[in-house]
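The structure under discussion appears below in the form of structure tokens.
Chain naming here is simple, since letters A, B, ... match the order of the sequence lines and numbering starts at 1 in each.
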There are 2 protein chains.
Amino acid sequence: MTTTDRLDEDVPATTAPVVTRTPPVLPVRRVSMADVARRAGVSAQTVSRVSNGHPGVVAATRSRVLDAMAELGYRPNSAARALKSGSFRTIGVILFSLGTTGNVRTLEAIAASAAAEGYAITVIPVEAPTQDGVHGAFTRLGELAVDAIILLMEVHLLDVAQVSLPPGVEVVVADSDAGDRYAVVDTDQADGSRQAVEHLLDLGHATVHHLAGPAHSFAAERRADAWRRTLEAAGRAVPPVEHGDWSAASGYEAGRRLAGRADCTAVFVANDQMALGLLRALHDAGRRVPEDVSVVGFDDLPESGEFLPPLTTVHQDFAEVGRRCVAQVLRQVREGVHETGTRLVPTRLVRRASTAPAPGGR
Amino acid sequence: MTTTDRLDEDVPATTAPVVTRTPPVLPVRRVSMADVARRAGVSAQTVSRVSNGHPGVVAATRSRVLDAMAELGYRPNSAARALKSGSFRTIGVILFSLGTTGNVRTLEAIAASAAAEGYAITVIPVEAPTQDGVHGAFTRLGELAVDAIILLMEVHLLDVAQVSLPPGVEVVVADSDAGDRYAVVDTDQADGSRQAVEHLLDLGHATVHHLAGPAHSFAAERRADAWRRTLEAAGRAVPPVEHGDWSAASGYEAGRRLAGRADCTAVFVANDQMALGLLRALHDAGRRVPEDVSVVGFDDLPESGEFLPPLTTVHQDFAEVGRRCVAQVLRQVREGVHETGTRLVPTRLVRRASTAPAPGGR
DNA sequence: ACACTCGATGTTTGCGCAAACATCACGTAC
DNA sequence: GTACGTGATGTTTGCGCAAACATCGAGTGT
């Protein structure tokens, strides 16, 4: 330790755990339309009209009502409004985890798109059933105050988690395969993988190894499938697949195994985080990237361009996926139709410094 | 290009943009308690009692009602319930961006804690006012169907975004400084920074450079302040500060500038993403880490252990921050008290491979 | 000058639910 | 046998809002 003490005394604002209480302002019944109406000397209906911007209220009356609203601090009760209108103006997003970049970025786009449409987003994390018997509070999703649901997970996991979607609520699915039952919006996993593998083959590599995601993952399967098909279509050998769990640490482990294979000159990694770990494993094993081994990732994280070396990867347009999910689900809600089928969002390869011609050519 | 065509034809499920429509099932008025009551041959009130698990319903009646519910697919209308009870069982989380790891991880913990308490989370992204005049749909936060709000941003940004918190709603703030007005839960930024700087000084570095976050950020200020104080308390020179915007790319830029300073043997970086870019900049400049330059980050991302080299960093317990936010805000809601004051969540230094004794000792 | 139109505003009503209160059928005490 | 308690169930009511309908007054055409 050096000489400084804790610095707390100098920064009282953040460190003093002082708790002041203001007395419970006792059941302050919230001001209702009737209160505003009384104050403004009009009927409740007129307040409603002003509140909703309906026409047919003369300017003088309108401003009198607005003044009353401001003085009383009126804010409409959305429960009552929802009860009347039957709509909550809210979309539920069900997901397993916020731990993956894809989910988060998609959620962000969903939230932004929904806000632009005047909808709020309710996030519903469902727990893996690995937890002891106690399930999350949302086994009864039916009670959620949402008009529609976007499922940001694989459909079959719903069963695993022992939750069932409420009937009569519109659903759009991302990141899964259920185009026969639901409207699905997804990244074009297959085409992105094809681009990645072809890029490596074009560089002269005899074949391409693959570090896949977890076995049960739909996205991981899609990417591995497309990798295999592309190799087969080009008449190349299909090396055994390595599996990770999407984490950088699992990428490191798999990378140690791959580094040991002398024939491994090119790796297509199913996401950028695992690619990060793989890069470190190759570095530790003395295999240079890209001189000895070329690496392509999948996702294009904001920081992938700062890896050592900057990572060539498949760019996913999470924002577009989110936007389309919202557009689709709102269309279903508004038009009252239930649609099925899959819409794919294109991907594109971003070439950086982690890929190079095969050592020795071919 | 190699020989493969697009693979689409082989994977019809994900690629066929077929849209089937089922006819709008016309105003399917949702089944209400009255419907269930009629079916079960009881009164609506009895249905209500069963629905809420109230005692005083004989077993035979109860099961008759439950059967009717199941047959009709009844699910309670949360709008009506909220209208009666005055509570939505929902907490709003207001944030600027889901682009920072801290926000996301905290949000995740908030969602999990809230779910455990039977509360849902509504995410409200507010837009930076840099957008042309059009503000988000949530300028009128007052209409949100929430019982309380957790503010995951700096309070003063509310003004910047021209939104104001609805009166009468309980608020808890994270990642900001407003302990005089609100209950605040925050990471102990100052102590974490102190640990980082002292660690570097203990390793024999004459002083420590700092790559700070954006100037307007509260967290960035706190970390820079503590860095400066710790150096001053140890009687060391305080080098000029570099600034980034939290992104890895900005870390690279700042790293290029720092790499040019011969006296720079130790850098405390305000977050791990910038540290990633800084590592690459040092590498590109031929400065070895940790032999020539030691680097300490802040956050401890899941992948920070896979950087090249694995990053020594300050671990933030985002999950604990989230949990405390929920606990605090629910306490305020349930007990009807408004509290102020700040609670700090401790941090700890995680030592990995990016720090080493100063070159040449001192 | 009269009937009539039309815009501004007020009144009634019911959304689904759950407290509060009412009723009803038993059983028990004396 | 009468009175009364007890527990199960039914009835009434109103939460806050906004459609639907009612009313009212001022203008318009002839």
Side-chain angles (χ1 to χ4, degrees), chain A residues 27-66 68-69 72-89 140 142-147 166 168-169, chain B residues 27-66 68-69 72-89 140 142-147 166 168-169:
Chain A
V28 261
R29 209 184 49 69
R30 279 208 7 215
V31 320
S32 75
M33 279 198 338
D35 301 320
V36 177
R38 207 170 307 118
R39 174 77 156 234
V42 299
S43 74
Q45 184 56 44
T46 298
V47 176
S48 169
R49 280 192 270 255
V50 171
S51 177
N52 293 317
H54 283 293
V57 179
V58 85
T61 311
R62 162 173 268 100
S63 72
R64 210 145 35 89
V65 171
L66 288 174
M69 282 181 175
L72 267 41
Y74 169 75
R75 58 198 183 99
N77 178 322
S78 24
R81 187 171 281 184
L83 180 57
K84 282 272 333 161
S85 67
S87 158
F88 298 97
R89 296 194 76 76
R140 302 177 305 170
E143 298 185 18
L144 280 175
V146 301
D147 303 321
V169 172
Chain B
V28 263
R29 207 183 51 67
R30 280 212 0 220
V31 319
S32 74
M33 280 199 337
D35 302 318
V36 176
R38 207 170 309 118
R39 173 78 154 235
V42 299
S43 75
Q45 182 56 38
T46 299
V47 176
S48 169
R49 280 191 270 255
V50 171
S51 177
N52 294 317
H54 283 294
V57 179
V58 84
T61 310
R62 175 182 305 279
S63 70
R64 211 145 35 90
V65 171
L66 288 175
M69 282 181 176
L72 267 40
Y74 169 75
R75 58 200 183 97
N77 179 320
S78 25
R81 189 170 279 184
L83 180 58
K84 284 277 324 169
S85 70
S87 159
F88 297 98
R89 296 194 76 75
R140 302 176 305 171
E143 299 184 16
L144 280 174
V146 301
D147 302 322
V169 173

Looking for any heavy atom pair under 4.0 Å, which part of the strands does B/S48 touch: base, sugar-phosphate only, or nothing? base
Do A/D35 and A/R38 come within less than 4.5 Å of each other through their side chains, counting heavy atoms only? yes
To the nearest angstrom, the CZ-C1' distance between A/R75 and D/dC17 comes to 15 Å
In whole angstroms, the gap separating C1' of D/dA8 from CZ of B/R64 amounts to 12 Å
Rounded to the nearest Å, what distance is computed from the CZ atom of residue B/R38 to the P atom of nucleotide C/dG16? 11 Å
Shortest non-hydrogen contact from B/P76 toward B/S51: CG-OG, 4.5 Å
Classify A/T61 by what it touches in the nucleic acid, base, sugar-phosphate, or nothing, heavy-atom distance under 4.0 Å. sugar-phosphate
Let's see if you can work this out: which of C/dA18, C/dT9, D/dA18 has an atom nearest to the side-chain heavy atoms of B/K84? C/dA18
Proximal nucleotide (of C/dT9, D/dG10, C/dC17) relative to the B/Y74 side chain: C/dC17
Pick the nucleotide of DNA chain C nearest each of A/P55 and B/A44; which residue has the one closer to the 5' end? A/P55
Would you mind reporting whether A/R49 and A/V65 have side-chain heavy atoms less than 4.5 Å apart? no
What integer distance in Å separates A/R49:CZ from D/dA20:P? 13 Å
Does OP1 or OP2 of D/dG10 have a side-chain N or O of B/T46 closer than 4.0 Å? yes
Could you tell me the separation between the CE atom of B/M33 and the C1' atom of D/dT12, rounded to a whole number of Å? 13 Å
Nucleotide nearest B/V58 (side chain, heavy atoms from C-beta), chosen from D/dA18, C/dT9, D/dT9: D/dT9
What is the distance from NE2 of A/H54 to P of C/dG7, rounded to the nearest Å? 16 Å
Would you mind classifying the nucleic acid contact of A/V47 as base, sugar-phosphate or nothing, using non-hydrogen atoms under 4.0 angstrom? nothing
Contacts of B/R62 and B/A80 projected onto DNA chain D by closest heavy atom; the upstream (5') one is B/R62
Using only side-chain N and O atoms of B/R81, determine if any of them is under 4.0 Å from OP1 or OP2 of C/dA18. yes
Do you know the tightest heavy-atom contact between B/Y74 and B/S32? CE1-C, 3.7 Å
Select one nucleotide: of C/dC17, D/dT9, D/dC17, the one nearest the side-chain heavy atoms of B/N77. C/dC17
Closest to the 5' end of DNA chain C, once B/L83 and B/Q45 are matched to their nearest nucleotides, is B/L83
Of the candidates C/dC17, D/dT9, D/dA19, the side chain of B/V57 sits closest to D/dT9
Test item: A/S85 side-chain N/O and A/R81 main-chain N/O as donor-acceptor pair under 3.5 Å: yes
